[in-house]
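I have placed the structure first, in the form of structure tokens, so that the comments after it can refer back to it.
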Amino acid sequence: MRTYYWNHRRGDNSKRDCGIHHPNTTPYPKPGTQYVDVPNQDGGGNFGRIARVDGLMVDWVNESMDTLMAGIEAKYWVSFFKLFSEGKPKEEIEAELNNIARKVRQSGHLDSKESMLEEQLLAHLNAIVDLSLK
């Protein structure tokens, strides 16, 4: 998609060189080998920034975040790991973990065995939080 966009971005500027150099590569290139596409003209260093287009990957990200990992949707795992990246006080981390646990329970897509496993996992995650904050 990035290459297609770049090749067709001329707009009103007929002098713009929208070509792209594709290096000759092989599977498993040697270290230091150039293997990425390089635009012929990129004064602003913008080649590769197509992913910044608003909404381009929203559906894919949302679908990925709904994927079950160990019986829990990925979005809750992301929230859990973010708890530790911001230097929050213990009380705030515990409150946020309880909030995540509540949301997981409310998602309600589990049978009784899965619910029991989920509760065990949440208890282990609470223990991890306790250990990490000591």
Side-chain angles (χ1 to χ4, degrees):
M1 179 176 197
R2 167 183 74 178
T3 302
Y4 177 86
Y5 167 79
W6 199 263
N7 284 329
H8 296 85
R9 69 182 182 88
R10 251 187 200 85
D12 295 335
N13 188 350
S14 61
K15 295 180 181 178
R16 181 181 287 158
D17 183 356
C18 296
I20 297 175
H21 170 70
H22 308 282
N24 292 329
T25 60
T26 59
Y28 308 105
K30 293 179 181 174
T33 302
Q34 176 72 24
Y35 59 90
V36 295
D37 294 345
V38 179
N40 294 343
Q41 182 183 9
D42 183 16
N46 293 316
F47 184 69
R49 294 190 180 175
I50 188 69
R52 294 182 182 185
V53 173
D54 287 336
L56 179 65
M57 298 183 68
V58 169
D59 292 339
W60 179 83
V61 169
N62 290 338
E63 185 179 313
S64 297
M65 289 298 176
D66 290 339
T67 302
L68 293 178
M69 301 174 69
I72 295 178
E73 293 172 23
K75 61 187 163 201
Y76 301 121
W77 285 109
V78 170
S79 297
F80 173 75
F81 290 119
K82 282 183 177 180
L83 289 176
F84 304 98
S85 65
E86 300 171 9
K88 296 177 183 174
K90 180 180 180 180
E91 296 77 21
E92 193 173 328
I93 290 174
E94 289 173 340
E96 286 190 33
L97 181 61
N98 288 332
N99 187 36
I100 293 169
R102 181 183 51 75
K103 288 178 182 178
V104 169
R105 288 182 189 107
Q106 287 176 346
S107 65
H109 59 274
L110 304 174
D111 61 31
S112 61
K113 182 180 178 183
E114 288 173 328
S115 290
M116 183 182 71
L117 292 172
E118 180 183 272
E119 288 301 320
Q120 290 174 346
L121 180 58
L122 290 170
H124 290 297
L125 294 176
N126 269 311
I128 290 170
V129 169
D130 288 342
L131 288 172
S132 70
L133 298 174
K134 289 186 179 190

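The residues of the chain are indexed from 1 along the displayed sequence.
A heavy-atom distance below 4.5 Å is not found between the side chains of Asn99 and Ser79. Leu83 places a side-chain heavy atom less than 4.5 Å from the side chain of Ile100.
For the atom pair NE2 of His124 and CG of Leu131, the computed distance is 12.0 Å after rounding to the nearest 0.5 Å. In this structure, CD1 on Ile93 lies 12.0 Å from CG on Asn98, to the nearest 0.5 angstrom.
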List, one per line, each side-chain donor-acceptor pair under 3.5 Å for residues 55-72, sequence neighbours excluded.
unit_1: Asn62; atom_1: ND2; unit_2: Val58; atom_2: O; d: 3.3
unit_1: Ser64; atom_1: OG; unit_2: Trp60; atom_2: O; d: 2.9
unit_1: Asp66; atom_1: OD1; unit_2: Lys75; atom_2: NZ; d: 3.1
unit_1: Thr67; atom_1: OG1; unit_2: Glu63; atom_2: O; d: 3.4
unit_1: Thr67; atom_1: OG1; unit_2: Ser64; atom_2: O; d: 3.1

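Taking the six-membered ring where the residue is Trp, Phe81 and Trp77 present parallel rings, their angle staying beneath 30° rather than reaching 60°.
Here the closest non-hydrogen pair linking Ile20 and Asn40 is N-ND2, 4.0 Å.
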